[in-house]
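Counting starts at 1 for both ligands and their atoms, in listed order. All values below were derived from every heavy atom in this structure, side-chain atoms included, with hydrogens, water molecules and symmetry-related copies excluded. Note that the numbering runs from 1 along the sequence shown for the chain.
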Amino acid sequence: MITAYDYVSGYVVNKSDAEMILVGDSLGMTTLGYNYTNSVTIEDILRATEAISRVGITKILVSDLPYKTYESKKQALENAKKLISSGADAVKLEGGKEKSEIIRYLTDNKISVMGHIGIQPQSINDFSQYKVLGKNLEEENKIIIDSNSVEESGAFSIVLELVDKSLAKKITDQLSIPTIGIGSGNFTDGQVQVFNDLIGYSPNKIPKHAKKYNNLFEKAQNSINSFVKDTQAL
Ligand code: KIV
């Protein structure tokens with residue numbers, strides 16, 4: 001699964017061999033210049049989902065419910081329906097056991113839900129909070145309870161972000177729904193990466209767990225500078 005935020009990134013990912021597209025609220029950092037995801041609004045994700053849908057997506061399109069847009073069952077369903085009407089096939093939301101009633105309510109109302117546990121970026125407002133979780137018994141127990149609860153509530157899949165790799169393997173073996181990892185080792189059923197990190201299209205330092213296969217940021221600057229040089233030489 002690869003994230004996308006607009007028509008072009010949606011087009012590229014849709015044409016690729018990736019199996020799913022995530023309209024992630026990492027859009028806050030990749031596209032809107034925020035430091036964290038918690039400033040992203042439902043309107044931001046709706047606009048991105050609509051733009052990506054104009055591609056004519058042939059893969060599963062999952063859109064994030066942003067921070068504070070699924071505080072109650074009613075609010076979660078209203079916002080999830082908006083995302084589905086904009087072209088999403090499913091919604092993703094952060095949280096474990098404490099979100100089980102919301103997930104159950106959405107799935108009972110025929111909304112496909114992807115869970116997201118481990119590090120939950122919407123609760124982060126300090127970079128030092130990005131660390132691998134599940135390395136001690138207390139964290140491990142919580143993450144196991146959360147993953148079981150997300151599955152029992154009817155989610156069709158679950159993202160494990162920055163979960164200790166042997167714990168991620170244990171959860172993957174235990175659950176019947178597919179796990180999708182980021183910074184959680186190689187044993188999850190699938191992997192997710194942020195589009196801009198993957199292609200190197202960002203002015204910012206990319207996270208340690210990001211995979212970078214190109215440097216489009218530098219290539220874009222070089223293209224502009226070549227044009228400026230050629231124009232000045234006219
Ligand atoms: O918003 C996002 O890009 C995400 C992925 C990192 C899982 O939630």
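The contact set between ligand 1 and K92, taken as ligand atoms under 4.0 Å from a residue heavy atom, comprises 4 (C), 8 (O). Near T3, the atoms of ligand 1 lying under 4.0 angstrom from a non-hydrogen atom of the residue are 3 (O). Of all atoms in ligand 1, numbered sequentially from 1 with element shown, those under 4.0 Å from a heavy atom of H116 are 7 (C), 8 (O). Atoms of ligand 1 found under 4.0 Å from any heavy atom of S26, numbered from 1 in the order shown, are 1 (O), 2 (C), 3 (O).
A donor-acceptor contact under 3.5 angstrom links the side chains of T58 and N14, judged on distance only. In this model, a donor atom of one side chain and an acceptor atom of the other lie less than 3.5 Å apart for S9 and D6.
Partners of Y67 by ring pair (Phe, Tyr, Trp, His ring centres under 6.0 Å), not counting sequence neighbours: none found.
In L22, the part holding a heavy atom less than 4.0 Å from any atom of ligand 1 is the side chain. Under 4.0 angstrom from ligand 1, there are no non-hydrogen atoms of I180.
Ion pairing between a basic and an acidic side chain is recognised when a charged N comes within 4.0 Å of a carboxylate O; E78 and K82 show no such pairing.
In this structure, of I182, N196, D197, L27, the residue bringing a heavy atom nearest to atom 6 (C) of ligand 1 is I182.
Distances between N or O atoms of E161 and those of ligand 1 include no value under 3.5 Å.
Remark: side-chain polar atoms of S157 are not paired, donor with acceptor, to backbone N or O of I180 under 3.5 angstrom. In this structure, K142 contributes its side chain and G96 its backbone to no donor-acceptor pair below 3.5 Å.
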